[in-house]
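Notes follow once the structure below has been shown.
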Amino acid sequence: MPMRDFRHPAGACAVTVLALGWQCAAFASDMLLIHGHVYSGNRQAPWAAAVAITATRIEAVGDDAHILKRRGAHTRVIDLHGQTVIPGIVDSHMHLLYGAIALHGLNLSTPSSSVTPDKPQLLIERLQAYAAAHPKDAILFGRADFSTVPPTTPTHALLDRAVADRPVMIHNTSEHALWLNGAALAMAGVTDRPVADADEERGVIRDASGRPSGVLLEAAMQLAARAVAARLPVEDQLTMVQAATRYLNSFGITSVVNATGDLAELRLYATLRDRGALTVRTRTAFGAVAVQQRLTPEFLADLDEARRLYHDDWVAANLVKFFADGSTGLVPPLVYAPQDYAALVMQLDQRGYQLMTHALRADSVHMVLDTYERLEQAHGRRDRRLRIEHADLIDAADLPRFASLGVVADMQPTFCCGEDGGNFDPANQIPSDRWQSLVQGGAILAFSSDWPCTWPPDPFVSIQQAATRQIWRSADTANVAGEPVDGAAQAGAVPTGTLYVPEERIAVEDAVRAFTQGSAYAAFADTRVGTLEVGKLADLAVLSQDIFAVNPSSIAKTRVTMTLVGGKIVYTAP
């Protein structure tokens, strides 16, 4: 690694705003960051010591002497004391509104522990305490690990013992299942009679007499989602989302791709943007969890309106999300017949929309790649940036197809690694999370958290996991059916001291590139963010330690000390 241009003594960690004398400068900047260890991401000049910012953009990157020439009478100068700076994290796949609700709600699954239905009294006590602390909340939200495999799914009776007079809605950590109390079932219109939509009814878990048990899987979650949208005031949603964006900033996250959403959700982000209160850049996909897309006139009209209205640096659309499979049960269920999926994809591609498809199973990944290949053959080549989300399992023959077809692999290192990786069948020897194979094959790799499916959305846990592939195990979730992977630092999991397929590790710089340049490319934002170069938006994060130099197994200890979005400081560490 090249020598630093400036290094302060060990132990100096806080940034300092300098009250320096000023000089007349022909090109005075608004802000200078000096005495840093700046990873620009520019392959021709990856390292620098200082950055100059004017308005929202980077004006210069270089050594201290060069940058200090841009100091003027009103320039703000920040001494980084040798701290490492990276481009702002572009989290390429998350669910911001779900995350905002989870942040406001009761989180029973944290890095330190997981309170599951196996601990009923503790769960009841936590929920009752939360309800007492939130007397004005019309709906009580939570997040927990619980079985998604009938008949081992929990029932509403346990939640009713905790809270009976208000709807309680517990999101599974996968975000592919909901656990409701009796009041929430009533709010969602789930009764002893089958619901009208056959796809939704298939996900309603019922007892032998046809009574709803309290768990909704996959598409059935829309029954509850519609009820929440009708009952949760927009101002409450805006307050939650604004808090969530500030929370994301504390991890150096400056841009996100919302992997589910609709026109109503886009309006939330646009409202915060117009109020000057949005602190992450958003690009939102139209789609709902494991729900088949239906190209109704209303849906197509919403897509067109979103594309017409939302295409700036803060709020963007033009993206449609598909689910090739789900994420519940012992094996993820298929969502589409291949020919039905292909017909929908072909129509939306003709309309010019970018496409992303959730695929966990190797056969699902193969089906999606086949469809994308036929799509290009039918419609000709253009800059589509087609995406496959997760791609946990990839057959060896399909690995080179990502590069040859130009398909972005958007992956979540925090999901790795249990003893069997992400493999649903332990007898299947296909390794999961093939990061090194994809990088070596020339594929574009984008990284993300899938927040709130991982908690917290810490990119440095992911970077550590990408560089180490440590195996994690949680005693708290050992008996939860339908949870095949103990993720890194999730649900009380701890590292076992062993590694999963270590030859698929990647270098720290490759992991950072996936979280910045790769994710920016996947969002059609690479000309604006992803690297620290002249003319790009001044989105960056200042770190508590040098992630490129420390032992990879300690990268997760990294904290963000300051985050800038568009040249504005949106977060400073306490």
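Please read these numbers as outputs of a predicted model, since none were measured by experiment.
Summarising the geometry of A481 relative to T152, their closest heavy-atom pair is CB-OG1, 3.8 Å, with the distance given to 0.1 Å. The nearest pair of heavy atoms linking G441 to A403 is O-CB, 3.1 Å. What you find for A466 and W435 is that their closest heavy atoms are CA-CZ3, 3.4 Å. Residue A541 comes nearest to V560 through the heavy atom pair CB-CG1, 4.5 Å, listed as atom of the first residue, atom of the second, then distance. Heavy atoms only, all atoms of each residue included: D145 and T173 are closest at OD1-OG1, 2.9 Å. Summarising the geometry of A219 relative to A290, their closest heavy-atom pair is CB-O, 3.8 Å, with the distance given to 0.1 Å.
Centroid-to-centroid, the aromatic rings of H93 and H95 come within less than 6.0 Å. Ring centroids of H390 and H358 are separated by less than 6.0 Å, placing the two rings close together. For Y500 and W472, the ring centers are positioned 6.0 Å apart or more. Taking the six-membered ring for Trp, Y39 and W47 have ring centres closer than 6.0 Å. The ring of F251 has its center no closer than 6.0 angstrom to the ring center of W451.
Taking the six-membered ring where the residue is Trp, F447 and F515 present perpendicular rings, their angle passing 60° and hence far from 30°.
A donor-acceptor pair is defined here as one N or O able to donate and one able to accept, closer than 3.5 Å; no such pair exists between the side chain of E218 and the backbone of G326. Of the possible polar contacts, none joining the S448 side chain to the Q412 backbone as a donor-acceptor pair under 3.5 Å is found. Between the side chain of K536 and the backbone N or O of D526, at least one donor-acceptor pair lies under 3.5 Å. A donor-acceptor pair under 3.5 Å is absent between the side-chain atoms of T516 and the main chain of G41, judged by distance alone. The closest donor-acceptor contact from the side chain of Q490 to the backbone of W455 lies under 3.5 Å. The main-chain N or O of R385 is found under 3.5 Å from a side-chain atom of Q354 such that the two form a donor-acceptor pair. For the pair T454 (side chain) and S449 (backbone), a donor-acceptor distance under 3.5 Å is present. For Y98 (side chain) and H171 (main-chain N/O), no donor-acceptor pair under 3.5 Å exists by modelled atom type. A donor-acceptor distance shorter than 3.5 angstrom exists from the side chain of S544 to the backbone of R559, with no hydrogens or angles considered. Between the side chain of S554 and the main chain of N551, a donor-acceptor pair closer than 3.5 Å is present.
D476 and S474 share no side-chain donor-acceptor pair at under 3.5 Å. N258 and T284 share a donor-acceptor pair across their side chains, judged by distance under 3.5 Å alone. S432 and N423 are not linked by any side-chain donor-acceptor pair at a separation below 3.5 angstrom, with hydrogens and angles left out of the test. With hydrogens and angles left out, the side-chain atoms of Y341 and T357 include a donor and acceptor closer than 3.5 Å. One side chain, Q464 or Q470, offers a donor N or O that lies under 3.5 Å from an acceptor on the other. Side-chain contact check for N172 and H176: no donor-acceptor pair (N or O, by modelled atom type) lies under 3.5 Å. Checking S553 against T468 by side-chain atom types alone, no donor-acceptor pair falls below 3.5 Å. Using modelled atom types and a 3.5 Å distance limit, the side chains of E533 and S40 yield no donor-acceptor pair.
Considering only heavy atoms from C-beta on, R246 comes within 4.5 Å of V570 through its side chain. Put simply, the side chain of L375 reaches to within 4.5 Å of the side chain of R384, judged on heavy atoms. Using a 4.5 Å cut-off on side-chain heavy atoms (C-beta onward), T245 and Y269 make no contact. Taking the side chain as every heavy atom from C-beta outward, E373 and R401 approach each other to under 4.5 Å. Between V365 and I388, the closest side-chain pair of non-hydrogen atoms falls below 4.5 Å. Counting heavy atoms from C-beta outward, L360 and P332 have side chains that approach closer than 4.5 Å. Inter-residue side-chain proximity for M94 and V257 is flagged as unmet; no heavy-atom pair is nearer than 4.5 Å. The closest side-chain heavy-atom distance from T561 to T572 is not below 4.5 Å.
Atom OG in S462 sits 11.0 Å away from atom CD1 in I555 (nearest 0.5 Å). Y372 OH to R387 CZ: the interatomic distance, rounded to the nearest 0.5 Å, is 9.0 Å. With values rounded to the nearest 0.5 angstrom, Q436 atom CD is found 6.5 Å from E504 atom CD. How far OG of S255 is from CD1 of I89: 10.5 Å, rounded to the nearest 0.5 Å. With rounding to the nearest 0.5 Å, the separation of CH2 in W314 from CG in L537 is 8.5 Å. The OG1 atom of T279 sits 7.5 Å away from the CG atom of L248 when rounded to the nearest 0.5 Å.
Ion pairing between E376 and R374 fails under the 4.0 Å rule for side-chain N and carboxylate O. Using a cut-off of 4.0 Å between Lys/Arg side-chain N and Asp/Glu carboxylate O, D349 and R382 are scored as salt-bridged. A salt bridge does not link R143 to E175: none of the charged side-chain nitrogens sits closer than 4.0 Å to a carboxylate oxygen. Remark: D539 engages R281 in a salt bridge, criterion side-chain N to carboxylate O under 4.0 Å. Between D312 and R528, no side-chain nitrogen of the basic residue sits less than 4.0 Å from a carboxylate oxygen of the acidic one, so the salt-bridge criterion is not met.
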Worksheet item: Given S114 and T116, is the side chain to side chain donor-acceptor pair (under 3.5 Å) satisfied, shown in steps?
Response: CA-CA 6 Å; S114 177; T116 71; 5.8 Å; no
Worksheet item: Can T563 and N249 be said to form a side chain to side chain donor-acceptor pair (under 3.5 Å), step by step?
Response: CA-CA 6 Å; T563 303; N249 294 151; 6.0 Å; no
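Exactly one residue among D433, L399, I444 makes a side-chain contact (heavy atoms from CB on, under 4.5 Å) with L438. That residue is L399. Of the residues listed (V85, T84, I86), the one engaging H37 in a side-chain contact (heavy atoms from CB on, under 4.5 Å) is T84, and it is the only one.
Cation-pi geometry between R283 and F524 is not satisfied (NZ or CZ under 6.0 Å from the ring centre, within 45° of the ring normal).
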